[in-house]
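In what follows, a single structure is set out as structure tokens and then discussed.
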Amino acid sequence: MKHPETPVSRPKTIPDLWQAQQPIVMLTAYDASFARMADAAGVDVLLVGDSLGMVVQGQRDTLAVTLDDMVYHTQLVRRGAPQALIVADMPFLTDNTIESTLHHAGRLIQEAGADMVKIEGGAVKAPIIRALTDAGIPVCVHLGLLPQRVRQLGGYRVQGRGAEDASRIIHDAELLADAGAALMVVECVPNGLGTRIAQSVAVPVIGIGAGAGVDGQVLVMHDLLGMNPHPARFVRDFLRGRGSILQAMQAYGEAVRNRSFPAEHEGFV
Ligand code: KIV
């Protein structure tokens, strides 16, 4: 998608994502009904995010989410959207060693029906990403703000504002691309840095709070539906002024594809 042109058909496989001719539309889903609707609305990739800890389970962060939780919710999403491209998050502490990560990721693929697993982290995760890729498990890496590190970070803060930090994130992206990453999510970085990351790697880069200069966007479904009482700056309520959830999801897809979402002010400098 590095050179978006006129709208074409939706990507249906991971190689399709690399060839996509328009921005990739990703949305979280945690159950069958919403997964079915998002798929019907034309969302390209469903993410079973560990954000389910917050928006479904009511936890204060994602750290309490277990692998069994992820397997269960991924199974529900797969049932609702049998043909969709599904990415499932590796929850906190399930991706620390190569052996345990292979085992846990294997469950998400074999037992739960995910197409790809998502791993938070930078350069330190390169050997794990290489091992998963060599084993035939596609990996989406998550860079920038890492919600599983919220206790270390002291909050959900914008990352990569300083030159050194920005260079480190770009370096990590390049390293993880070399390690075989099939997709990247970049969260909460200045708009300009989001664009630089997308230009630095051939891997499609999906942004959340990373500006419009990336290869696609992801939102948490509850944010898109205006259910977050304290929405982040990068959130837009797509249900506002629309008659149904389906219409809200369709509007999100259209706004991502025509790059009217996110607007400049819905990102960071
Ligand atoms: O868990 C999640 O929903 C995510 C998105 C915020 C990208 O990782």
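Worth saying up front: this structure is predicted, and the values here are computed from it rather than measured. Remember, it's 1-based here, ligands and their atoms both numbered in the order they're listed. Counting from 1, the numbers follow the sequence of the chain as shown.
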Taking [X] first and then [Y], would you say they form a salt bridge - that is, a charged N and a carboxylate O separated by under 4.0 Å?
{"X": "Arg78", "Y": "Asp115", "result": "yes"}
{"X": "Arg10", "Y": "Asp39", "result": "yes"}
{"X": "Asp61", "Y": "Arg151", "result": "yes"}

Could you pull out the N/O contacts under 3.5 angstrom between ligand 1 and the surrounding protein atoms?
| unit_1 | atom_1 | unit_2 | atom_2 | d |
| --- | --- | --- | --- | --- |
| ligand 1 | 1 (O) | Asp50 | N | 3.2 |
| ligand 1 | 1 (O) | Asp50 | OD1 | 3.1 |
| ligand 1 | 1 (O) | Ser51 | N | 3.0 |
| ligand 1 | 1 (O) | Ser51 | OG | 3.3 |
| ligand 1 | 1 (O) | Asp89 | OD2 | 3.1 |
| ligand 1 | 3 (O) | Ser51 | OG | 2.5 |
| ligand 1 | 8 (O) | Lys118 | NZ | 2.7 |

What pairs of residues pass the ring-ring contact (aromatic ring centres under 6.0 Å, His included) test when at least one of them lies in [range], not counting sequence neighbours?
{"range": "residues 60-81", "value": "none"}
{"range": "residues 194-224", "value": "Tyr30-His222"}
{"range": "residues 172-210", "value": "none"}

